[in-house]
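Hydrogens, waters and symmetry mates play no part in the numbers below; they use all other heavy atoms, side chains included.
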Amino acid sequence: MKNLLSKVFSKKAKIQIEFCQNNLDRFLNEQTIADYGKFLENPRIQYKEYECLSECKLCKKTPYAKVNGQIMSGEDSQDLLNKFYDELK
């Protein structure tokens, strides 16, 4: 019973992700949208989309997001998603 309760009431911290809408529009495609949607269904993920996060130079070059207040970027949108999954571990 204790094992069941520990799974239901996980003590792992939630991850807060902030996205720039302009960056998402620039780097996501049909496939990655579905992959991101699946990832964001995780109950440990809290996310919010902003029109702009004022990181314009970075925004033009690479997909990025702020994860728990720190900027995280990837070579492409799939690489960034893989880094998000690593944060869950």
Side-chain angles (χ1 to χ4, degrees):
M1 183 70 155
K2 183 178 178 182
N3 193 19
L4 174 66
L5 291 176
S6 65
K7 287 181 182 177
V8 173
F9 300 106
S10 175
K11 293 182 182 182
K12 292 184 178 182
K14 292 193 181 273
I15 297 172
Q16 178 68 39
I17 303 175
E18 298 173 4
F19 291 102
C20 172
Q21 189 177 46
N22 294 323
N23 189 261
L24 291 175
D25 290 343
R26 184 174 284 120
F27 289 101
L28 290 185
N29 59 41
E30 299 271 335
Q31 177 58 43
T32 52
I33 287 173
D35 294 341
Y36 272 69
K38 183 178 177 184
F39 172 78
L40 295 172
E41 290 175 357
N42 187 310
R44 288 187 49 216
I45 303 298
Q46 295 177 335
Y47 70 95
K48 190 165 184 178
E49 250 182 76
Y50 294 93
E51 189 173 327
C52 180
L53 291 176
S54 299
E55 299 289 342
C56 301
K57 287 183 181 181
L58 179 63
C59 186
K60 290 177 184 178
K61 294 179 186 177
T62 185
Y64 82 96
K66 288 186 179 179
V67 178
N68 297 329
Q70 300 294 315
I71 292 177
M72 181 180 288
S73 63
E75 292 181 25
D76 56 34
S77 56
Q78 190 62 49
D79 182 48
L80 181 59
L81 183 59
N82 291 339
K83 290 180 180 182
F84 291 158
Y85 275 111
D86 288 344
E87 282 291 312
L88 283 176
K89 294 179 181 176

Checking side chain to side chain contact (heavy atoms under 4.5 Å, CB included) for the pair Asp79/Thr62: CA distance, chi angles, key distance, verdict?
CA-CA 10 Å; Asp79 182 48; Thr62 185; over 6 Å; no
Which atom of [X] lies closest to which atom of [Y], heavy atoms considered:
{"X": "Asn22", "Y": "Glu51", "answer": "ND2-O, 3.1 Å"}
{"X": "Phe19", "Y": "Leu53", "answer": "C-CD1, 3.7 Å"}
{"X": "Phe27", "Y": "Lys60", "answer": "CZ-O, 3.9 Å"}
{"X": "Cys52", "Y": "Cys20", "answer": "CA-SG, 3.9 Å"}
{"X": "Arg44", "Y": "Glu87", "answer": "NH2-O, 4.5 Å"}

Any side-chain donor paired with an acceptor under 3.5 Å for Thr32 and Asn29?
yes
Is the shortest side-chain heavy-atom distance between Tyr85 and Asn42 below 4.5 Å?
no
Per side chain to side chain contact (heavy atoms under 4.5 Å, CB included), Pro63 is matched among Leu80, Leu28, Leu24 by Leu80
Report yes or no: does Tyr36 contribute a side-chain atom to a donor-acceptor pair with the main-chain N or O of Ser77 at less than 3.5 Å?
yes
I'd like to know if the side chain of Lys14 and the backbone of Pro43 have a donor-acceptor N/O pair within less than 3.5 Å.
yes
Under 4.5 Å between side-chain heavy atoms, counting indirect links through other Ile/Leu/Val/Met/Phe/Trp/Tyr residues: same cluster for Ile17 and Leu81 or not?
yes
Atom OH of Tyr47 with >12 non-hydrogen neighbours under 6.0 angstrom:
no
To the nearest 0.5 Å, what is the distance between CD (Glu18) and CG (Asn68)?
9.0 Å
With a 4.0 Å cut-off on N to O distance, would you call Lys83 and Asp86 a salt bridge?
no
Would you please test Ile15 and Phe84 for side chain to side chain contact (heavy atoms under 4.5 Å, CB included) and show each step?
CA-CA 9 Å; Ile15 297 172; Phe84 291 158; over 6 Å; no
